> 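Got a structure for you, written out below as structure tokens; questions coming shortly.
Below, read A as the first sequence line, B as the second, and so on, with proteins coming before strands; counting in each chain starts at 1. All of these numbers come straight from a predicted model, not from anything done at the bench. Heavy atoms only: backbone and side chains are in, while hydrogens, waters and symmetry mates are out.
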Amino acid sequence: MDLIIILQAGVASGTVLLFATIGEIFAERSGVLNLGIEGMMLVGAMTSFSVTLKTGNPWIGVAAAMLAAGLISQVHAFISITLQADQVVSGLSVSFLGTGLSLVLGEGLSKAGTISLLPSFSVPLLSQIPVLGPVFFTKQSVLVYIGYVIFPLCWYFINNTRPGMHLRAVGEYPAAADALGINVYRLRYLYVFVGGVFAGVAGATISLAVSPGWFSELTTAGQGWIAVGLVIFAQWNPLRAAFGSYVFGALRRLILDIQGPTMLLGVANPFYYNPYYGFFLQMIPYAFTIIVLILGSREAMRKRMGAPAALGLPYIRGQRGL
Amino acid sequence: MTISPSKSTSRLRFPFRVQLEPRLANVPRWFPTLVSVGAIVVALLIGAVIIAIAGGNPFATYSHIAQASFGSLGVFSDTMVKAIPLMFIGLACSLAFQMRLWNIGAEGQFFMGAWGASAVVLLPILPPETPRWLFISVMILVGMACGAIWGFIPGFLKAKLQVNEIITTLMMNYIAVSWVNFFIFAIWTEGGFQMSPVFPKNAWLPRLTDLAESVPIFRGLTTHFGLILAILASVVVWFILFRSQWGYEIRLLGDNQNAARYSGISVTRNTIFVMMLSGALAGLAGMSEISGVVHRLQAAISPGYGFTGIIVAWLAKLNPFGVILVSILFGALILAGREIQPSGIPKMIQGIILVCLIASDFLLRYRVHIVRRTEE
């Protein structure tokens, strides 16, 4: 069990959560809670795998995943923005819909064999840095590198650009944004779509890079829901989201790898000699999500920070309130 | 207020437009039911299109579902067996959703209820020769208690620390499944198989077929005593929600939390108690499934009852008696869905039904007119 290898694989597996979490941050910053991530990720994973299988080109697979998950997200956008339905229930329904759709359309894909994956490579020079080089810049999938670039860009976009300010305005005080001539409905549709596209990339990251293949619902194994939790921990900030995602990725890898060696920290490894203890290891990411949420909410209460003020509320022009 | 999708421009326009008016008067009583039925029909049509795209035959699929779930007394009895856990979980969700507490953790509470009921037999808490009434009563109590504990944790975190209950209940689902798996693989395994030994007969809920001696037509019918428990539970939940002060508090909290708080209703206490009762009902579903159907603890005891129960609750408009009826419909879908290829079809249809249902609520709040455009 080599720590460097675990961290290296952890960064790759954290990239899945990174894309999903950043996408959800965009949607929630515009005031729309989208609980459909798990379903959209599954649609993304299934589409990218299936399209890559047919075309032989993983990039077309990624593009198709983005489009497919983006389209599913628009179901949620229509129901929650135009029809003003409850965002929680609407998001849940989209999650069920995406899961069911991907199971039906992905039938038989699990036995489909191998596909061409996205390229992996090492970055010259950067991979020579001790510790950081092997962890972050050696033999990673191209999507992992895209992740490194995306999250600071998203942070900059949300906090320092004009469209980013409009995004925040729509999520904090849509009535004021509307009065300034910002089209609240259009922006919310747009950012829900962006969230869907990111979820699609997250799904494609699983099936074309991190753990290639299509394993029906086990492909995501609840990572979409973990992403929703990470958004709260990240306090809607892409930089914190990246930190959380990579930590979670490393944790997931550690759990897989800890069952390998016969000795652990100088004592007989209980997880090796009794593999059934592995079931307790499997609980860790989910238990950790709950702990992280507790910590996050305590911090938010102390700093009096919180969700975008209009999160979860439909905007109805001309009605009182936010 | 009118919302028109396109603003007046000088270009050529579609001659009709959609005009919306909020409904001020209450809709007639039959109208919500009609809208829900319409939503299901639309959902089935959409499902048919997708099945056709995926290469299946939608007509054959649907008629197979109807045949395999309502075709004879025997299969109808099996449909009821699948409906029983949905009834409990639908009630669990209705109760929590009335307070706008999003308990998405019924699946985990179901597994913990099943585990608790099994623990009575396997730990063992009671010896195998215990009389049936005592055995089953204790299993019910322990199953409900385990479900309630699984509901208490997210409820406590929500009430005291404002931790989002949607995420915590979901995460608790995964933890419960791992917990049960540990026991069936490592502790209660029978000969290395991933299941516990079969329970002694006096830990089984009575079934209709047990009465075949006196009523021959019941021979082979698997519907079990859980159905009576579920109907009792629906009466209790209905009474709590609509005839008791506690239910009034729950519904007021769901409608307007601030108003409820200002009138002295405790959000903290109600959050915890509602989550616990909701968890206990889902735990009872697990107990009845273990004691009434599988008679042992194993991994594949739920085809997603916890999630289907959410849809059941919503389709029943959170009405306890509606839950009983709607559960039968979804029980049919689950029963028939086992043999349908592709295997994801029941899940997909459930998803589409929920989507259409939520979208259709719009018709209850707005009057939709299609009007001819006039020169403005």
> How about B/Met171 and A/Phe288: do any of their side-chain heavy atoms sit closer than 4.5 Å?
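With C-beta onward as the side chain, the pair stays apart.
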> Using non-hydrogen atoms and a limit below 4.5 Å, what part of residues 68-75 of chain A faces chain B?
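If one takes a 4.5 Å heavy-atom cut-off, the residues of residues 68-75 of chain A near chain B are A/Val75.
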> Go through the atoms of A/Phe280 and report whether side chain, backbone, both or neither lie under 4.5 Å from a heavy atom of chain B.
side chain
> List for me each residue that meets ring pair (Phe, Tyr, Trp, His ring centres under 6.0 Å) alongside A/Phe233, sequence neighbours excluded, and say none if there are none.
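None.
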> Sort B/Asp361 into side chain, backbone, both or neither according to what part of it lies under 4.5 angstrom from a heavy atom of chain A.
neither
> Considering only heavy atoms, which portion of A/Ile226 lies under 4.5 Å from any heavy atom of chain B: side chain, backbone, both, or neither?
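For A/Ile226, heavy atoms of backbone and side chain both lie under 4.5 Å from chain B.
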> Give, as side chain, backbone, both or neither, the part of B/Gln350 having an atom under 4.5 angstrom from any heavy atom of chain A.
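Neither the backbone nor the side chain of B/Gln350 comes within 4.5 Å of chain A.
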> If you look at every heavy atom in A/Ile290 and B/Met172, which pair is closest and at what distance?
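Heavy atoms only, the tightest pair is CD1-SD, 3.8 Å.
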> Given the options A/Leu101, A/Leu97, A/Ile284, A/Ile232, which has more heavy-atom pairs under 4.5 Å with chain B than any of the others?
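Among A/Leu101, A/Leu97, A/Ile284, A/Ile232, the one with the most close pairs to chain B is A/Leu97.
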> By a 4.5 Å heavy-atom criterion (distance strictly below it), what part of B/Trp314 contacts chain A: side chain, backbone, both, or neither?
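When you check distances to chain A, only side chain atoms of B/Trp314 fall under 4.5 Å.
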> Counting only N and O atoms by type, is there a donor-acceptor contact under 3.5 Å from the side chain of A/Ser297 to the main-chain atoms of B/Leu161?
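Yes; judged by distance alone, with no hydrogens or angles, the pair exists.
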> Using ring pair (Phe, Tyr, Trp, His ring centres under 6.0 Å) as the criterion, list what pairs up with B/Trp102, not counting sequence neighbours.
B/Phe97
> Please find the pair of heavy atoms, one from A/Glu217 and one from B/Lys347, that lie closest to each other, and give the distance.
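Reported closest heavy-atom pair: OE2-NZ, 3.0 Å.
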> Looking at B/Ile175, B/Val163, B/Leu363, which has the largest count of heavy-atom pairs under 4.5 Å with chain A?
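Greatest number of close heavy-atom pairs with chain A: B/Ile175.
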> Using non-hydrogen atoms and a 4.5 Å limit, figure out which bit of B/Ile104 sits close to chain A: side chain, backbone, both or neither.
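It is the side chain, since no backbone atom gets that close.
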> Within a reach of under 6.0 Å around CZ of B/Phe362, are more than 12 heavy atoms found that belong to other residues, nucleotides or ligands?
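Yes - once you tally the heavy atoms of other residues, nucleotides and ligands closer than 6.0 Å, there are more than 12.
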> Look up atom CZ in B/Phe183 and atom OH in A/Tyr276, then write down how far apart they are to the nearest 0.5 Å.
14.0 Å
> In Å, rounded to the nearest 0.5 Å, how long is the span from CE of A/Met283 to OG of B/Ser178?
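Interatomic distance, A/Met283 CE to B/Ser178 OG, rounded to 0.5 Å: 5.0 Å.
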> Among A/Gly222, A/Gly39, A/Ser216, A/Gly98, which residue has the highest count of heavy-atom pairs closer than 4.5 Å to chain B?
A/Gly222
> Does any heavy atom of chain A fall under 4.5 Å from the side chain of B/Ile358, the backbone, both, or neither of them?
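It is both, since atoms from each part get that close.
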> Below 4.5 Å from any heavy atom of chain A, which atoms of B/Ile166 appear? Answer side chain, backbone, both or neither.
side chain
> A quick test of your reading: do over 12 heavy atoms of other residues, nucleotides or ligands sit less than 6.0 Å from CZ of A/Arg186?
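Check fails, neighbour count at 12 or below.
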> Using non-hydrogen atoms only, which part of A/Ile79 is less than 4.5 Å away from chain B: side chain, backbone, both, or neither?
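A/Ile79 touches chain B through side-chain heavy atoms alone.
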> Return the minimal non-hydrogen interatomic distance between B/Phe182 and A/Phe279, and the atom names on each side.
CA-CD1, 3.5 Å
> Shortest non-hydrogen contact from B/Leu157 to A/Ile294?
CD2-CD1, 3.6 Å
> So, for B/Arg100 and A/Asp86, which heavy atoms are closest and what is the spacing to 0.1 Å?
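Looks like NH2-OD2, 2.5 Å.
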> Heavy-atom distance under 4.5 Å to chain B: side chain of A/Val89, backbone, both or neither?
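Looking at A/Val89, backbone and side chain both touch chain B.
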> Between A/Leu83 and chain B, which part of the residue has a heavy atom less than 4.5 Å away: side chain, backbone, both or neither?
both
> If you tally heavy-atom pairs under 4.5 Å against chain A, which of B/Thr168, B/Ile310, B/Leu170 wins?
B/Leu170
> Compare every heavy atom of B/Ile167 with every heavy atom of A/Val228, then report the nearest pair and how far apart it is.
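Taking A/Val228 first and B/Ile167 second, the nearest heavy atoms are CG1-CD1, 3.3 Å.
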> Applying ring pair (Phe, Tyr, Trp, His ring centres under 6.0 Å), can you list everything that pairs with B/Tyr174, at least two apart in sequence or on another chain?
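Partners of B/Tyr174 under the ring pair (Phe, Tyr, Trp, His ring centres under 6.0 Å) test: A/Tyr286.
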> With side-chain contact (heavy atoms from CB on, under 4.5 Å) as the test, pick out the partner of B/Leu354 among A/Ser90, A/Ser95, A/Ser93.
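Among A/Ser90, A/Ser95, A/Ser93, the one that satisfies the side-chain contact (heavy atoms from CB on, under 4.5 Å) with B/Leu354 is A/Ser93.
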> Heavy-atom count around A/Tyr272 OH within 6.0 Å, excluding the residue itself: above 12?
no
> Using non-hydrogen atoms only, which part of B/Ile311 is less than 4.5 Å away from chain A: side chain, backbone, both, or neither?
side chain
